[in-house]
Protein chains: 2
Amino acid sequence: MSPAPLANRLLTRLQHYVVFADDERAAIETACAGPPLAVRQRRDLIREGDRPRGVNLIVDGWAFRYKTLEDGRRQIIAFHLPGDLCDVHGYILREMDHSVGALTPVRYVEIPRDQIEALAALGPRVNQALWWDALTGAAIQREWTVNLGQRDALERLSHLFCELIFRLRVVGMVDGARCEIPLTQTDLAEATGMTPVHVNRMVQELRSRNLIRWKGREFEALDLDGLCDVAMFNPAYLHLDHEGRHLDANG
Amino acid sequence: MSPAPLANRLLTRLQHYVVFADDERAAIETACAGPPLAVRQRRDLIREGDRPRGVNLIVDGWAFRYKTLEDGRRQIIAFHLPGDLCDVHGYILREMDHSVGALTPVRYVEIPRDQIEALAALGPRVNQALWWDALTGAAIQREWTVNLGQRDALERLSHLFCELIFRLRVVGMVDGARCEIPLTQTDLAEATGMTPVHVNRMVQELRSRNLIRWKGREFEALDLDGLCDVAMFNPAYLHLDHEGRHLDANG
DNA sequence: CGTTTCCTTGACTTAACTCAAGAGGAGTGG
DNA sequence: CCACTCCTCTTGAGTTAAGTCAAGGAAACG
């Protein structure tokens, strides 16, 4: 349940992929040394049409990306948990094509453009770690496409729960099978492309099958394997398997 | 209708974002100088579980990414048109979490890992162009999420047609409002998360509204504005607006 | 020129949506 | 401390968009 030390979440995260040399580690720590910023719950970090100033690193709290259609329909595109980098190199696409909001109060650090470039210039390892971050994000987005396109309501909801549990586990925010999920059923509806009413019915169904317990923010997977089965969840797309083992400073 | 010169599609594509210096241009040309490979129609370029050797550049033909669930349901995740880079730095995620197949006969070039790294090391412009490519791909994936989550069948199909037209236009494969779309209605069904029967009905509907003409591979948007309206299509997510104007070799 | 693939249409079924109303909390102010 | 509001969750009844199943026709292919 206790989150990883706040000191440097970016380092913690990137080290899932690469073991850095000392100078690289120092540079990453410097990059995150900026003043911490805060957004209140249900406010936006950045809006569609804005120019991103740099890359945002979520230190605490949950954020989400969303996109709104002309007629007001809204789709949640992604969730960001503590330790996530929002839009690595997002400033390259000069204008945001979607918005990012805070689900809970969020603390974050803005890493300016030149700092990111300096990191990338340090050598292939840091650069590749940044790519790794962006590519796992893309893999998650692909899986959401599959989820929305092929799975039915119950499978879809189960799949989202599975993904959140696995991702929270990486950042040490799961205790056994319990974690905090600060989402309303309406949030889940916007993420899974269904109505809040139907989300409710599917939650009831998962409860009645003794797969989950969920009250307020307290979530527990009573039978994670069962939940994964319902969802046809295969965690391969999260690419969690080569944490720190893939490349290291000694070759 | 005539495609951009085959000589170097990667260069053509990246120059939509950056105007390169001579040495950069030369390096990119070298990277694509590998022997052209070919895949037959409806065969796979790479399968889920494989280790990508490098980055694939589509020279000719259409490819598509897809993912299959345990029970056989299949979702098409993306289409790749001539000039597209498949999985920039895909080798970083050591194992493919999905497959890539050929819709038509496809000719492509495999750019090996070290060549990509050499390109990235040339300096920020080339590196940023590669990021730009990956990030626009991610933006498209996000839009597909919105499409599947929020739009109904008619809107969804219209949106996909709009996207394809806009993307084909960039590579010079649209003549007026006419282009080749080598997809079956079953392909469209797998991309839009609906049944082939329902795709057919929606195609009929678009025809009867005089929005499209489509026979064999010959596609024509009779009223592109109307089609965009139906789809609530906003091309901003394709980030086509700063072609070559953003960064150039002279600062 | 036969075979396979793709498209088309109709009749019926179903998963998910809509509308509506009530219950349970959480927070606020009198 | 109670009354109030607001928000989220819950449940029921009726509707609809999309799916299923089935069969015929057109086109492409080898």
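Labels below follow one simple rule: chain letters A, B, ... track the order of the sequence lines, proteins then strands, and each chain is numbered from 1. Note that this is a predicted model, so its numbers are computed, not measured.
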Around atom CZ of A:Arg43, are there more than 12 heavy atoms from other residues, nucleotides or ligands closer than 6.0 Å? no
Rounded to whole Å, please give me the gap between CG in B:Leu157 and P in D:dA18. 11 Å
Whether over 12 other heavy atoms sit under 6.0 Å from A:Arg40 CZ: no
The criterion is side-chain contact (heavy atoms from CB on, under 4.5 Å); which residues satisfy it with A:Ala102, sequence neighbours excluded? A:Val39, A:Leu45, A:Val106
Taking protein heavy atoms under 4.0 Å as touching, what does nucleotides 14-26 of chain C look like 5' to 3' if B marks base contact, S marks sugar-phosphate-only contact and - marks none? --SSBB-------
Spacing between A:Trp214 atom CH2 and D:dT8 atom C1', to the nearest angstrom: 10 Å
Looking at B:Gln185, does any N or O in its side chain come under 4.0 Å of the phosphate oxygens OP1/OP2 on C:dT5? no
Taking OP1 and OP2 of D:dC9, is either one under 4.0 Å from a side-chain nitrogen or oxygen of A:Gln204? no
Take the protein atom CD of B:Gln41 and the nucleotide atom C1' of D:dC29, then report the distance between them rounded to whole Å. 11 Å
For B:Glu143, is there an ion pair with A:Lys67 - N to carboxylate O distance below 4.0 angstrom? yes
So, B:Gln141 versus A:Thr145: side-chain donor-acceptor pair below 3.5 Å or not? yes
Distance check: side-chain N/O of B:Asn200 vs OP1/OP2 of C:dT8, anything under 4.0 Å? yes
Side chain to side chain contact (heavy atoms under 4.5 Å, CB included) partner of A:Asn147, the single match among A:Glu155, A:Glu163, A:His159: A:His159
From CD1 of A:Ile212 across to P of D:dC9 the rounded distance in Å is 12 Å
Using whole Å, report how far CG of A:Asp187 lies from P of D:dT8. 8 Å
Nucleotide D:dA17, atom C1' - distance to CZ of A:Arg73 in whole Å: 13 Å
